[in-house]
There are 2 protein chains.
Amino acid sequence: MAKKNELIKGSIDSLLLCVIVQQPIYGYQIIKELEKRSQGYFKFKEGTLYPALHRLEKAGLIRGEWQTLPNGRQRRYYHITENGLNILAAKRGQWLDFLTAMNLIIQPVPK
Amino acid sequence: MAKKNELIKGSIDSLLLCVIVQQPIYGYQIIKELEKRSQGYFKFKEGTLYPALHRLEKAGLIRGEWQTLPNGRQRRYYHITENGLNILAAKRGQWLDFLTAMNLIIQPVPK
DNA sequence: GCATAACACCTAGTATCACTATGCACAATA
DNA sequence: TATTGTGCATAGTGATACTAGGTGTTATGC
C-alpha cells in the first residue's frame, strides 16, 4: 500500500512558514507557489492545506486577514507572526538535524 | 504542541531496511544500531520498532527467524528479502527526491 | 542480598495528520 | 453550455508513531 510518500508528513508546517515568511499570501496561491518552487514535487490538496493553515493560525504562528478584491471577492491573506519567525528558525534547524541523521543511515549506498 | 519531530514519520521503514540489508540483526539491536549510526539522533522505542518490523515482514520485505542462544534465550533475527531489496532501492530514490524538493523550499536561508 | 538497569520480545490504546471526497460560489474558457 | 480554474471550507478515513503497559531473564550497583 505504501502511500506515495509518508516522508512529507511533518514537513508541511515548515513549508508553509517558508512561503508565508516571504510575503503575505493566500491559501490557494501557496499551493501553486510550493508546486512551482519544488519543480512540481509538492502538490498539496486543499484538504491538506486549509486545515494546516488553521492549525498554524490557532498556534499563533501566522495570522490571516480577509481582503476584498476590486471585484468583490474575498481572499484570506496570511502573514507570519513574531512567534512564527522563531518557530520557523527552529524548524529549519530541525530539518538540518534530521537531514544529517538520515544521511548517516541512508547514504551508505556502499555498492 | 509540535511533537519533537514529525519528520521522522515515514522514514522508519527505510531506516530499518538500511540496517537489515547489511546483516541479519534482531530488533533490540536495531534500536542500538540506529542510535549509534545517527550519533544519538534516532532513539526508537520498542513500541515503535516491533510493530514496524511486523509490518515489514507481513509486506514480505524482510523475514524473521528465531534463533536460540547458547544460554537458551531466543532472539528473532531479520534478514532482507529480494522484494525488500527492490523496495529499499526505491525508497532511497524517494528520499533523494524528497530531500531535493525540501531543500528547494527550505534552504533559501537568504542572508 | 536486593534493587535497579539492561536485555529482548510483545500488544493495546491514543493522537496526529495528510489524504479523499465533497460542498459552496463565481469567473473564464472551450 | 459545460468544463476548468479560482478560492474557501469541512467531514470522514487510514496510516502510523507514540505512550504505557506486560512478560521474563541477566548483569550491575549499593
Side-chain angles (χ1 to χ4, degrees), chain A residues 1-16 24-36 41-59 61-62 64-78 91 98 101-102, chain B residues 1-17 24-36 41-59 61-62 64-78 91 94 98 101-102:
Chain A
M1 313 302 130
K3 280 300 172 54
K4 287 171 295 187
N5 203 340
E6 293 284 341
L7 289 167
I8 291 176
K9 288 196 180 187
S11 64
I12 287 195
D13 290 4
S14 300
L15 293 172
L16 297 187
I25 190 172
Y26 56 99
Y28 196 83
Q29 188 65 17
I30 291 175
I31 292 177
K32 302 300 170 190
E33 186 67 18
L34 283 175
E35 179 171 1
K36 198 181 78 183
Y41 185 86
F42 293 118
K43 295 185 181 184
F44 292 108
K45 300 298 163 51
E46 286 104 325
T48 297
L49 183 82
Y50 291 109
L53 286 173
H54 299 162
R55 195 167 62 234
L56 291 180
E57 184 167 24
K58 197 173 168 188
L61 308 189
I62 60 176
E65 278 172 19
W66 285 106
Q67 280 195 13
T68 306
L69 301 182
N71 60 16
R73 301 195 60 181
Q74 291 211 312
R75 282 180 187 156
R76 189 159 177 82
Y77 280 85
Y78 290 95
K91 281 185 176 295
F98 174 67
M102 277 294 284
Chain B
M1 307 271 124
K3 279 298 173 55
K4 286 171 294 188
N5 203 340
E6 292 286 340
L7 290 166
I8 290 176
K9 289 197 179 185
S11 63
I12 288 195
D13 290 5
S14 299
L15 293 172
L16 296 187
L17 291 176
I25 189 172
Y26 58 98
Y28 196 83
Q29 188 65 19
I30 291 176
I31 292 178
K32 302 299 171 193
E33 186 68 17
L34 284 176
E35 180 171 359
K36 197 181 79 182
Y41 185 86
F42 292 118
K43 295 185 181 185
F44 292 108
K45 301 296 164 52
E46 285 106 325
T48 297
L49 182 82
Y50 291 109
L53 285 173
H54 299 161
R55 194 169 62 235
L56 291 179
E57 184 168 25
K58 196 173 169 189
L61 308 190
I62 60 177
E65 279 171 17
W66 285 105
Q67 280 195 15
T68 306
L69 301 183
N71 60 14
R73 301 194 59 180
Q74 291 213 312
R75 282 182 187 155
R76 190 159 177 81
Y77 280 85
Y78 289 94
K91 281 185 177 295
Q94 279 174 21
F98 174 67
M102 276 294 282

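Chain letters run A, B, ... following the sequence lines, proteins first and then strands; every chain starts at 1. Computed from a prediction, not measured in an experiment: that's the story for all the values here.
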- Hey, does A:Lys43 reach any base, or is it just sugar-phosphate, or nothing, if we go heavy atoms under 4.0 Å? nothing
- Query: Considering only C:dA8, C:dT11, D:dT10, which nucleotide approaches the side chain of B:His54 most closely?
  - Reply: C:dT11
- Note on the structure: Rounded to the nearest 0.5 Å, the CG atom of B:Leu15 sits from the NZ atom of B:Lys91 at a distance of 10.0 Å
- Task: On DNA chain D, check which nucleotide each of A:Gln74 and A:Pro51 is closest to and give me the residue with the more 5' one.
- Result: A:Gln74
- Query: What does A:Arg73 touch in the nucleic acid at a heavy-atom separation under 4.0 angstrom: a base, only the sugar-phosphate, or nothing?
  - Reply: base
- Using a cut-off of less than 4.0 Å, is there contact between a side-chain N or O of B:Tyr50 and OP1 or OP2 of C:dC10? no
- Pick from B:Tyr26, B:Trp66, B:Tyr28: which one makes a ring pair (Phe, Tyr, Trp, His ring centres under 6.0 Å) with B:Tyr77? B:Tyr26
- Item | Short side-chain N/O contact from A:Lys45 to OP1 or OP2 of C:dA21, under 4.0 Å | no
- Query: Contact class for A:Gln29 (heavy atom, under 4.0 Å): base, sugar-phosphate, or nothing?
  - Reply: nothing
- Whole angstrom is fine here: how far is it from CG in B:Asp13 over to C1' in D:dA15? 11 Å
- Over how many whole Å does the gap from A:Leu49 atom CG to C:dT20 atom C1' extend? 15 Å
- Give a yes/no answer on whether the side chain of A:Arg55 brings an N or O atom under 4.0 Å of OP1 or OP2 in C:dA18. yes
- Query: Reckon B:Arg75 touches a base, only the sugar-phosphate, or nothing at all at heavy-atom distances under 4.0 Å?
  - Reply: sugar-phosphate
- Message: For a quick test of reading the model: is some side-chain N or O of B:Lys32 closer than 4.0 Å to OP1 or OP2 of C:dC7?
- Response: yes
- Task: Classify the nucleic acid contact of B:Gly47 as base, sugar-phosphate or nothing, counting any heavy atom under 4.0 Å across all strands shown.
- Result: base
- Query: What nucleotide among C:dC10, D:dT10, D:dG5 has an atom nearest to a side-chain atom of A:Tyr28?
  - Reply: D:dG5
- Task: Could you walk me through whether B:Ile12 and B:Leu49 pass the side-chain contact (heavy atoms from CB on, under 4.5 Å) test, one step at a time?
- Result: CA-CA 8 Å; B:Ile12 288 195; B:Leu49 182 82; over 6 Å; no
- Query: Out of curiosity, B:Ile30 CD1 to B:Leu53 CG, how far, rounded to the nearest 0.5 Å?
  - Reply: 4.5 Å
- Item | Selection from D:dA17, C:dA8, C:dC10 that lies nearest to any side-chain heavy atom of B:Tyr78 | C:dC10
- Do the ring planes of A:Phe42 and B:Phe98 sit parallel (below 30°), tilted (30 to 60°) or perpendicular (above 60°)? perpendicular
- For A:Ile25 and D:dG7, give me the distance from atom CD1 to atom P, rounded to whole Å. 11 Å
